Amino acid sequence: MSRLEAKKSSLCKSEPLTSERVRATLCVLKGIITSCYGPSGRLKQLHNGLGGYVCTTSQSSALLGNLSVTHPILKILTTSIQNHVSCFSDCGLFTAILCCNLIENIQRIGLTPTTVIKLNKQLLSLCTNYLKSQACGCRISVDFSSTQILLCLVRSILTSKPACMLTRKEVDHISALILKAFLLTIPENSEDRIILGKSIIVPLKGQRVIDSTVLPGILIEISEVQLMKILPIKKSSALRVALFHVSLSGDLSDTGEGTVVVSYGVSLENAILDQLLNLGRQLVSDHVDLVLCQKVIHPSLKQFLSRHHVIAIDRVGVTLMEPLTKVTGTHPIGSLGSISPSSYGSVKDLCSAKFGSKHFFHLIPHETTICSLLLCNRSDTAWDELKLTCQTALHVLQLTIKEPWVLLGGGCTETHLAAYIRHKTHNEPESILKDNGCTQMELQLIAEAFCSALESLAGSLEHDGGEILIDMKYGHFWSIQADSLSVVNWPDLLSQCGCGLYNSQEELSWSFLRSTHHPFAPQTCLPHEAVGSVSRLTVDCLTAKLSGLQVAVETANLILDLSYVIEDKN
């Protein structure tokens, strides 16, 4: 078929970052993301102009997932952030803001992309080596024999998501539940490798947050009518379980696209029903106590099983199949033929439970590595945000097992790191350059742009017009209200730094964040007694933040190195 119109030439644009439209678009995206950052971040509502689902959030995963961008540079940036979040769940906004800040600051310098990329890589290496070193002044080890730091980590994640609409008491309650759910997924007896279980989040909307709870095993929602029809099982030993992922409804939906040949005079429906009843007879003769089916069970088979005191639960859904396999130790059955005895599993006990207006079957396993987090919130919007936040917290706790360290939060790591880089580049420039062809002047320019990007990121936590200070001993982040600038005696005005580790009663001196001051070496080697004396620290996951730092710098380098954007308009 011939083309209706002539093929258009590709549109080629050189030096895309010099375009005023591109800069303005990047600035708008940065403004949207920056305004969401931190506990007092502003919420965003994303919806289609024609109607439909409305998403209210301040989380990067929900924000970028619902935000439609068309320009190639924005697509590079948002895709990089989404890839990071899909792997680490946390620090998405941190990564996005830092990347935008780096691009914005370096554009003002006017150095060649090759020089910028070389020095950015050197500074990134300097940051990661310091954050992984024993001398790091903003890294805390996680002691798994105590819940203090782990609770601080979960609490920090929850408080940074204002759309969850939680009070302080509710934050403490949900934090404890998340930590309990995580600990239940760790096997008691493990050898060389630890294989974690799974926490299943069960929705219960319209209830008080404080009604949320954690139960070992799996909750399967059923109707009250279904519950009334099922006879209770009284058995001293374990309950034998059969799990089906094939439909037991008697339909032919699973036969594929092939042709079904039926002999004359044979009723297909009766033949299939006979096969289902034969299956039921085998389950009864094998002393199965509980039949679970991902799809639908035929009413006649249900009735047959019920008469023989076998509980049958259908429509459990594909989501629960993997957890059910782990909890029961079954091999999911995919045919209506003869069943191997090795396919069966067992559970320790089975009971019914009611939470709010919902009824559940509670499967209690022999060994608990699967648990159900029954999550309540007052509205659908707040529940959706809370669910996403709980998933993030559970994932971050898993990452902390691999690397048992956290970084000080509340902007303190960023300002401390900026002070460290300034000191190193000012006093030991030769160790950073190492014959890479760059001059000390170029290093100073790039280092200042890098440090300014980190400090601007910390400053993004302030959304109410207040001022940011740093202390000249630890390099930590301190904020004051906008109407308090006339006060001269800082200790009377300041209470705690951003992470909550230090208070203003120590012998400290302060400087405004973006003011000019002589580079200083922030105190390193965090004292253990200081950490142990603080019960409510703000901390971040080391693994997620290191990845975010690397993704931000590498994405900024990629965008700054773009010479042409070629678009096919056909």
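Values below: all heavy atoms of this structure, side chains included; hydrogens, waters and symmetry mates excluded. Note that the structure is predicted; figures quoted are calculated from it, not measured.
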Can you establish whether the number of heavy atoms outside Lys348 located under 6.0 Å from its atom NZ is more than 12? no
Which of Lys30, Lys44, Arg42 passes side-chain hydrogen bond (donor to acceptor under 3.5 Å, both in side chains) with Ser35? Answer is Lys44
Decide yes or no for Ile140 and Leu537: does some side-chain heavy atom of the first lie under 4.5 Å from some side-chain heavy atom of the second? yes
Do Leu131 and Lys545 touch side chain to side chain, with heavy atoms closer than 4.5 Å? no
Is a side-chain N or O of His308 found less than 3.5 angstrom from the main chain of Phe304, in a donor-acceptor match? yes
Distance col, row Lys302:NZ vs Ile311:CD1, nearest 0.5 angstrom, shows 12.5 Å
Is it true that Ser342 and Ser340 share a donor-acceptor pair across their side chains at a distance under 3.5 Å? yes
Do Ser89 and Gln391 have side-chain atoms, one donor and one acceptor, less than 3.5 Å apart? no
Heavy atoms of Leu386 and Cys164 approach each other most closely as CA-SG, 3.6 Å
Would you be so kind as to tabulate the donor-acceptor pairs closer than 3.5 Å made by side chains of residues 354-367, with sequence neighbours excluded?
unit_1: Lys358; atom_1: NZ; unit_2: Pro203; atom_2: O; d: 3.2
unit_1: His362; atom_1: NE2; unit_2: Pro216; atom_2: O; d: 2.6
unit_1: His366; atom_1: NE2; unit_2: Ser346; atom_2: OG; d: 3.1

Would you confirm whether Thr213, through its side chain, and Leu374, through its main-chain N or O, come within 3.5 Å as a donor-acceptor pair? no
Spell out, as yes or no, whether a donor-acceptor pair under 3.5 Å connects the side chain of Ser306 to the backbone of Gln303. no
Check the pair Arg536 / Gln496 against side chain to side chain contact (heavy atoms under 4.5 Å, CB included), numbers first and verdict last. CA-CA 11 Å; Arg536 299 182 77 91; Gln496 287 182 321; over 6 Å; no
Begin with the C-alpha distance, continue with both residues' side-chain angles, and end with the deciding distance and a verdict on side-chain hydrogen bond (donor to acceptor under 3.5 Å, both in side chains) for Ser247 and Ser249. CA-CA 6 Å; Ser247 174; Ser249 65; 2.8 Å; yes
Side chains of Ile333 and Val246, heavy atoms from C-beta outward: is any pair under 4.5 Å? no
Asp289 (side chain) donor-acceptor with Leu239 (main chain) under 3.5 angstrom: no
How close do Met321 and Pro332 get, heavy atom to heavy atom, and via which atoms? CE-CB, 4.3 Å
Residue pairs involving residues 370-381 (criterion salt bridge (charged side-chain N to carboxylate O under 4.0 Å, His left out); sequence neighbours excluded): Glu170-Arg378
Within this structure, what is the CD1-NZ distance for the pair Ile195 and Lys326, rounded to the nearest 0.5 Å? 8.0 Å
Does a side-chain heavy-atom distance below 4.5 Å link Lys295 with Leu248? no
Option among Leu320, Ile220, Asp314 that satisfies the side chain to side chain contact (heavy atoms under 4.5 Å, CB included) test with Leu292: Ile220
Any idea which heavy atoms bring Thr330 and Thr325 closest together, and the distance? O-CG2, 3.1 Å
Test: salt bridge (charged side-chain N to carboxylate O under 4.0 Å, His left out). Region: residues 54-66. Which pairs qualify, not counting sequence neighbours? none
Apply side chain to side chain contact (heavy atoms under 4.5 Å, CB included) to residues Phe144 and Ile401 and explain how you reach the verdict. CA-CA 9 Å; Phe144 283 93; Ile401 284 187; 4.1 Å; yes
Are any side-chain N or O atoms of Thr400 and backbone N or O atoms of Val396, one a donor and one an acceptor, separated by less than 3.5 Å? yes
Interatomic distance, Leu457 atom CG to Leu93 atom CG [nearest 0.5 angstrom]: 9.5 Å
How many angstroms lie between CG in Leu301 and CZ in Arg281, if you round to the nearest 0.5 Å? 10.5 Å
All heavy atoms of Cys376 vs all of Arg208, minimum pair found to be CB-O, 3.1 Å
Rounded to the nearest 0.5 Å, the CZ atom of Arg168 sits from the CZ atom of Arg155 at a distance of 8.0 Å
Thr389 side chain near Gln59 side chain, heavy-atom distance below 4.5 Å: yes
Heavy-atom side-chain proximity of Lys205 to Asp384 below 4.5 angstrom: yes
Under the ring pair (Phe, Tyr, Trp, His ring centres under 6.0 Å) test, which residues partner Tyr344, sequence neighbours left out? none
With a 3.5 Å distance limit and no angle check, can you tell me whether Asn377 reaches the backbone of Val209 through a side-chain donor-acceptor pair? no
Quick check against the 3.5 Å criterion: does Arg240 have a side-chain atom that pairs as donor or acceptor with the backbone of Asp286? yes
Flag, side chain of Trp383 to backbone of Leu375, donor-acceptor distance under 3.5 Å: yes
Quick one: closest heavy-atom pair of Leu546 and Lys132, and the distance? CD1-CE, 3.7 Å
Does the side chain of Pro162 reach to within under 4.5 Å of the side chain of Ser58, using non-hydrogen atoms? yes
Test log, rule side chain to side chain contact (heavy atoms under 4.5 Å, CB included), inputs Leu29 and Leu67: CA-CA 10 Å; Leu29 180 65; Leu67 199 62; 3.8 Å; yes
Looking at Ser80 and Thr555, would you say the former's side chain and the latter's main chain have a donor-acceptor pair under 3.5 Å? no
Starting at CD of Gln398, measure out to SG of Cys541 and round the result to the nearest 0.5 Å. 11.0 Å
Can a donor-acceptor pair be found, under 3.5 Å and without considering hydrogens, that links the side chain of Gln282 to the backbone of Ile339? yes
Minimum side-chain heavy-atom gap His416-Tyr130 below 4.5 Å: yes
Provide the full list of salt bridge (charged side-chain N to carboxylate O under 4.0 Å, His left out) pairs with a residue in residues 400-412, sequence neighbours left out, each pair given once. none
Determine whether more than 12 heavy atoms belonging to other residues, nucleotides or ligands lie under 6.0 Å from atom CZ of Arg315. no
Out of Ser146, Ser141, Ser145, which residue meets the side-chain hydrogen bond (donor to acceptor under 3.5 Å, both in side chains) rule with Asp143? Ser145
Test side chain to side chain contact (heavy atoms under 4.5 Å, CB included) on Cys99 and Leu77; report intermediate values, then the result. CA-CA 8 Å; Cys99 183; Leu77 198 154; 4.2 Å; yes
Kindly give the heavy-atom pair with the smallest separation between Ser300 and Leu277, and that separation in Å. O-CD2, 4.2 Å
Which pairs of donor and acceptor atoms, one on a side chain in residues 173-184, lie under 3.5 Å apart (sequence neighbours left out)?
unit_1: His173; atom_1: NE2; unit_2: Ile210; atom_2: O; d: 3.2
unit_1: His173; atom_1: NE2; unit_2: Ser212; atom_2: O; d: 3.0
unit_1: Ser175; atom_1: OG; unit_2: Val171; atom_2: O; d: 2.6

